[in-house]
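See structure below.
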Amino acid sequence: SLAENGSAAAECELGRIAWAEGDLDGARQRFESAAEKGDPAALTDLAHKLHHRAGRHEGSDAEKLSLFERASNLGDPRASFWLSNFYKSQDPHASHRFLVRAVSPSSGLFPPDPVACVVYGIQQASLRKFAEAFKFLRMGSRKSPLGKVALARLLLSGNVNQEAAAAGID
């Protein structure tokens with residue numbers, strides 16, 4: 001099978017199947033294997049599944065946090081964005097650090113998280129860094145309706161050069 005031959009994507013898919021069949025241990029093994037084979041998003045998927053398990057509390061909070069941190073350190077922007085939200089009220093500096101990581105992943109394996117781009121863009125606009133706000137709101141608006149609204153509001157505010165915005169110049 002592809003999973004036996006080293007495909008991280010196949011391992012991750014088998015992890016999803018094991019999870020759906022109720023085999024939590026099998027799912028964990030498959031997701032961990034996918035991560036070892038270069039797919040940190042598998043750790044994010046496992047952490048999300050543990051975090052959002054309907055009707056049950058699966059895994060400890062420390063375990064979920066560890067999975068998200070490992071995935072973030074390996075370059076998954078979704079994990080970084082989750083951590084940014086997690087730390088928002090207790091450690092604003094850590095929250096900001098993870099948000100920056102979510103909008104500019106270093107691994108090159110993943111595009112920036114679009115919702116994180118919107119949040120970051122709104123933050124930059126509030127700091128009156130309008131060119132930076134425009135750049136990230138434009139990225140977020142490609143996949144997020146909220147991003148489209150926030151970008152439109154920024155453009156209507158008159159704080160961004162309309163010609164540069166139309167031409168896509170930051």
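These figures come from a predicted structure and were not determined experimentally.
- Atom CD of Gln123 sits about 6.5 Å away from atom NE2 of His96, to the nearest 0.5 Å.
- To the nearest 0.5 Å, atom CG of residue Asp45 and atom CZ of residue Arg30 are 15.0 Å apart.
- Shown here for Ser72 and Ala79, the closest heavy-atom pair between the two residues is N-CB, 3.6 Å.
- Ring geometry for Phe136 against Tyr120 counts as perpendicular: the plane angle is over 60°, on a 0 to 90° scale with 30° as the lower cut.
- Remark: the backbone N or O of Arg128 is not paired with any side-chain donor or acceptor of Glu132 at under 3.5 angstrom.
- The nearest pair of heavy atoms linking Ala8 to Asp39 is CB-CB, 3.6 Å.
- Between Gly15 and Ala27, the closest heavy-atom pair is O-CB, 3.4 Å.
- A distance of 10.0 Å separates OG of Ser84 from CG of Asp113, quoted to the nearest 0.5 Å.
- A salt bridge links Arg70 with Glu32: the distance from a Lys NZ or Arg NE/NH1/NH2 to an Asp or Glu carboxylate oxygen falls below 4.0 Å.
- Side chain of Ser144 to main chain of Val115: no donor-acceptor pair is present (N/O by atom type, distance under 3.5 Å, no hydrogens or angles).
- Judged by distance alone, the side chain of Ser157 and the main-chain N or O of Leu154 form a donor-acceptor pair under 3.5 Å.
- The minimum heavy-atom distance between Lys64 and Ala47, with the atom names listed, is O-CB, 4.0 Å.
- Here the side chains of Pro77 and Arg101 are not in contact, with every heavy-atom distance at 4.5 Å or above.
- With values rounded to the nearest 0.5 angstrom, Gln29 atom CD is found 10.5 Å from Glu36 atom CD.
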Stepwise side chain to side chain contact (heavy atoms under 4.5 Å, CB included) check, Trp82 with Thr44:
CA-CA 9 Å; Trp82 189 93; Thr44 302; over 6 Å; no
Would Leu99 and Val119 count as a side chain to side chain contact (heavy atoms under 4.5 Å, CB included) here? Give the steps.
CA-CA 8 Å; Leu99 181 59; Val119 171; 4.0 Å; yes
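- Both Phe130 and Phe134 are part of a single hydrophobic cluster, where members link through side-chain heavy atoms under 4.5 Å apart.
- Contact detail for Ala35 and Leu43: the closest heavy-atom pair is CB-CG, 3.5 Å.
- In the hydrophobic cluster analysis, where Ile, Leu, Val, Met, Phe, Trp and Tyr join through side-chain heavy atoms closer than 4.5 angstrom, Leu74 is grouped together with Phe31.
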With side chain to side chain contact (heavy atoms under 4.5 Å, CB included) as the criterion, how do Val100 and Ser104 come out once you've worked through the C-alpha distance, each side chain's angles and the decisive distance to 0.1 Å?
CA-CA 6 Å; Val100 169; Ser104 53; 3.9 Å; yes
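- Separation of the Tyr87 and Phe98 ring centroids falls under the 6.0 Å cut-off.
- Taking the six-membered ring where the residue is Trp, Phe68 and His48 present perpendicular rings, their angle passing 60° and hence far from 30°.
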Report the C-alpha separation of Glu69 and Leu83 in whole Å, then their side-chain angles, then the decisive distance to 0.1 Å, and conclude whether the side chain to side chain contact (heavy atoms under 4.5 Å, CB included) test is met.
CA-CA 7 Å; Glu69 286 177 347; Leu83 289 165; 3.8 Å; yes
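- Heavy atoms only, all atoms of each residue included: Cys12 and Ala34 are closest at N-CB, 3.8 Å.
- Separation of atoms CZ (Arg142) and CG (Leu137) is listed at 11.5 Å; rounding is to 0.5 Å.
- To the nearest 0.5 Å, atoms CG (Leu151) and SG (Cys117) are separated by 12.0 Å.
- A donor-acceptor contact shorter than 3.5 Å is absent between the side chain of Ser141 and the backbone of Lys148.
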